[in-house]
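The next block holds one structure in the form of structure tokens; read it before the comments.
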Amino acid sequence: MVIIEDESSSSNRHRRLVVRGTDRLSTLPQHMLTEILSHLSTIDAARVSFSSKIWMTTWRLLPNLVFDYSQFPAMVNKAHSFLRFIDWTIAHHDESDVKIFELQLGPTTYCEVSIKYQWVEFAIQHNVQKLVLHGRVCGTQNLVDSIFSCRSLVKLELFVDELVFSWPETIQLPNLKKLKLKFLLLPEIITNQDLFSNFPALEKLSMFFCNFAFFNVLSISSSRLTEFMIGSPNELSQTIVKLSRELFGTSYITTGRWLIQYLSMVPDLPRQLAFVTYNYLLMLNVNLWPVARHVKTLMLLVSKCPNLSVLSINFVRHKEELLIGEFGI
Amino acid sequence: MAPKNKNPNGENVVPEVQQKKTQALILKSSDGEEFSISKSAAGLSVAIKNMMEDDCAGGVIPLPLVDGGTLARVITYLNKHAEDGASDEDKRKFDEEFLSGMEVDVLCDVALAGNYLDIRGLFHDVCQRIVNGMKNKSVEWVRKTFRIESDFTAEEEEQIKKEYAWAWEGVDSDAD
């Protein structure tokens, strides 16, 4: 019996799959079919689901749903077809959990489809563990409130253009470990509120291109945080970022220029830090201007980190010229 | 048929790494073939490992859901993955070569065995191998390649094609 047809003399990975006789694949147990389909992109999986009823049934059980506009075939009425595809998927999904739900509807200059509240609600009702929303949204407050009460969430990425983000009054995210926020507009809130104190499991936090312009103080504390990143210091404007002592339980910090800049503005810093040691900090990556005041501040900070093994310093000059130095200690 | 050697006593032996591993046990397939395998290789199957811990009599583990041909393939895989000094790159190359030679029916058997014996890596690789034949392919292509017979009625078929026309767009040409 011939098993393999070589398409050419090239390598084995180009060998074509050959099936002889009957459809053996469809006789596999349902959970194996689900697993096989899970190895495909959501769009390819949908194509397979149109081949027969058993694959259509499998489609309804799929635990990972990633709707990526850029992967959708180019065609007339693309936006409309894509929107209907998501609606159709959600309408046909059975009761089983959705572990991963991603809406990649960016860049918004190109993608005409906005995130619909019902789609996100669907994911939440199906105990989503990883939720990624990238795009544009209309009518936001319900959305944010719902997401921030989703107890099953482990990873959350919100890259939502110009989302005016009112911090919800109640936050119930007991399992959230990883949070990424981008492009959010954070309006004025009670400034002494510690935004992240209600995230008991949070390990990784990053915020990029978020507008904190109205903040006087941005407090960040979370006892389990091991990685913290914040970008685009310009938008911090007059904001002072206050890192709680617990945060320095973290082993890796990357910050913008602001950390040293603001620390250097704290009156009588040596006395304030007199009894502080950051025992867990192993890697510190900072930006600073090479002026005496900043260098002194950095030296003070480093003297509080007995276990620091890598210190990366980007010397920021005017016009964003960078001189990058890295020192092993 | 299954690649296997016979030792002077007429028992089936899967080649490689046998000498080094002193501790061995026997796996018995559904059709009564017996295969010798080192405990370290067998332990890569969570199911066999559990059975070893339950201490099956005489060191013979019956696997009534796996036929001899499939079991030989699974053992070849386990031996490679238990091999001392085989780098991850070696294993990856081996896996690719190992699976690329199998037609879909055989892949299904190996997937079933991988699932039953709880060998996650093998099961995962087989799934990947199967879906590689589905990526960016038309519905007709998938049906033809995997001998899937459409059980939609003509009306349903037409409706799907109309409603989800995108699924017929932007795929590799079927002549590929």
Looking at every non-hydrogen atom in both residues, tell me the closest pair between [X] and [Y] and how far apart they are.
X: B:Lys135; Y: A:Leu40; value: CG-CD2, 3.7 Å
X: A:Pro29; Y: B:Leu112; value: CD-CD2, 3.7 Å
X: B:Asp151; Y: A:Lys53; value: OD1-N, 2.8 Å
X: A:Ile36; Y: B:Cys127; value: CG1-SG, 3.7 Å
X: B:Phe146; Y: A:Leu25; value: CD2-CD2, 3.5 Å
X: B:Arg143; Y: A:Phe50; value: NH2-O, 3.0 Å

I'd like to check the ring-ring contact (aromatic ring centres under 6.0 Å, His included) partners of B:Trp166; sequence neighbours left out, ordered by chain and number.
A:Phe72, A:Phe85

A quick test of your reading: do over 12 heavy atoms of other residues, nucleotides or ligands sit less than 6.0 Å from [atom1] of [X]?
X: A:His31; atom1: NE2; value: yes
X: B:Glu158; atom1: CD; value: no
X: B:Lys49; atom1: NZ; value: no
X: A:Lys155; atom1: NZ; value: no
X: B:Glu149; atom1: CD; value: no

Which answer fits [X], side chain, backbone, both or neither, if we ask what part of it has an atom under 4.5 Å from a heavy atom of chain B?
X: A:Ser41; answer: neither
X: A:Leu28; answer: side chain
X: A:Ser51; answer: both

Does some side-chain heavy atom of B:Leu107 sit less than 4.5 Å from a side-chain heavy atom of A:Arg24?
no

Side chain proximity check, B:Val171 to A:Arg47, heavy atoms < 4.5 angstrom
yes

Quick one, A:Glu35 with B:His124, criterion side chain to side chain contact (heavy atoms under 4.5 Å, CB included). Give me CA distance, side-chain angles, the key distance, then yes/no.
CA-CA 9 Å; A:Glu35 180 117 3; B:His124 177 276; 5.6 Å; no

Give the table of side-chain donor-acceptor pairs shorter than 3.5 Å for residues 94-101 of chain A, with sequence neighbours excluded, one pair per line with atom names and distance.
residue : atom : partner  : partner atom : Å
A:Asp94 : OD1  : A:Ser96  : N            : 2.9
A:Asp94 : OD1  : A:Ser96  : OG           : 2.6
A:Asp97 : OD1  : A:Asn127 : ND2          : 3.1

When rounded to the nearest 0.5 angstrom, what is the spacing between CD1 in B:Ile130 and CE in A:Met32?
7.5 Å

Let me know if B:Glu163 has heavy atoms under 4.5 Å from chain A in its side chain, its backbone, both or neither.
side chain

Portion of B:Asn115 that has a non-hydrogen atom of chain A nearer than 4.5 angstrom:
side chain

If you tally heavy-atom pairs under 4.5 Å between each of B:Ile148, B:Val142, B:Ile160, B:Val139 and chain A, the highest tally belongs to B:Ile148

